[in-house]
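Structure record follows, encoded as structure tokens.
These values consider heavy atoms only, across backbone and side chains, with no hydrogens, waters or symmetry-generated copies. In what follows, chains carry the letters A, B, and so on, assigned in the order in which the sequence lines appear, proteins first and then strands, with residues in each chain numbered from 1. In this text the structure is predicted, and so the values were computed from the model without any measurement.
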Amino acid sequence: MRNASPTYRAIYRTVKRIPKGKVATYGQVATLSGLPGAARQVGYALHALKKDNSVPWHRVVNVRGAISKRSSGRSAEVDQRLLLEAEGVEFNVAGRIPLARFCWTPSS
DNA sequence: CCACTGACGAGTG
DNA sequence: GCACTCGCCAGTG
């Protein structure tokens, strides 16, 4: 972030609000950031973070509850899963997260 | 300015 | 469940 456009900063703010032990989908983050339908930009924004630790990017998964594959480096995918499991998020046999239980639902 | 790309989602068949 | 299409919009050449 740092010098990112307002759109990106809005996305990062939303991601930072995701509580530990929960996950949110790209579409959710987009909507909560005031960008309904711009789920793709969320993914692109997170990709731009690269190795930024100030944002819990690992709590963002796609609507299927699975970890999206990136273009560069497969290690990030493994990292994400380990980080989530360390927070108490479970993965089923299909390697996906039961969103019914772990999807973050903003109370506000 | 134009074309293409990309951690995606929802709708349709 | 799978394949396809369209919408989103910042970044790059």
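- To the nearest angstrom, C1' of dA7(B) lies 14 Å from CG of D79(A).
- OP1 or OP2 of dC8(B) sits under 4.0 Å from a side-chain N or O of S68(A).
- With dC8(C), dC8(B), dG11(C) as the candidates, the nucleotide lying closest to the side chain of Y44(A) is dG11(C).
- What separates CD1 of I11(A) from C1' of dC8(B) is a distance of 11 Å, to the nearest Å.
- The nearest whole Å value for the distance from the CG atom in L99(A) to the P atom in dC8(B) is 15 Å.
- Nearest nucleotide to the side chain of A39(A), out of dC8(B), dC8(C), dA10(C): dC8(B).
- Residue whose closest nucleotide on DNA chain C sits further toward the 5' end, between G37(A) and R64(A): R64(A).
- Here dA10(C) presents its P atom at 16 Å from CG of L49(A), a figure rounded to the nearest Å.
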Show your reasoning for whether side chain to side chain contact (heavy atoms under 4.5 Å, CB included) applies to Y26(A) and V63(A). CA-CA 7 Å; Y26(A) 292 93; V63(A) 76; over 6 Å; no
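- The distance between atom CZ of R9(A) and atom C1' of dA10(C), rounded to the nearest whole Å, is 14 Å.
- In this model, the phosphate group of dA10(C) is approached by a side-chain N or O of T7(A) to a distance below 4.0 Å at OP1 or OP2.
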Side chain to side chain contact (heavy atoms under 4.5 Å, CB included) evaluation trace for R59(A) with K20(A): CA-CA 8 Å; R59(A) 293 185 189 140; K20(A) 181 185 171 208; 3.7 Å; yes
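- The side chain of V63(A) lies closest to dG9(B) when the candidates are dG6(B), dG9(B), dA10(C).
- A salt bridge does not link E77(A) with R81(A): none of the charged nitrogens is closer than 4.0 Å to a carboxylate oxygen.
- Rounded to a whole Å, the CG atom of L46(A) is 11 Å from the P atom of dG9(B).
- W104(A) and V23(A) are members of different hydrophobic clusters when ILVMFWY side chains are connected at heavy-atom separations under 4.5 Å.
- The interatomic distance linking Y8(A) (OH) with dG6(B) (P) rounds to 14 Å, in whole Å.
- We find that OH of Y26(A) is positioned 15 Å from P of dG6(B), with the value rounded to whole Å.
- The side chain of Q41(A) has dC8(C) as its nearest neighbour among dG9(B), dA7(B), dC8(C).
- Classification of the Y8(A)-Y12(A) ring pair by plane angle, with boundaries at 30° and 60°, yields perpendicular.
- Taking the side chain of R40(A) as heavy atoms from C-beta on, and the options dA10(C), dG7(C), dA7(B), the nearest nucleotide is dG7(C).
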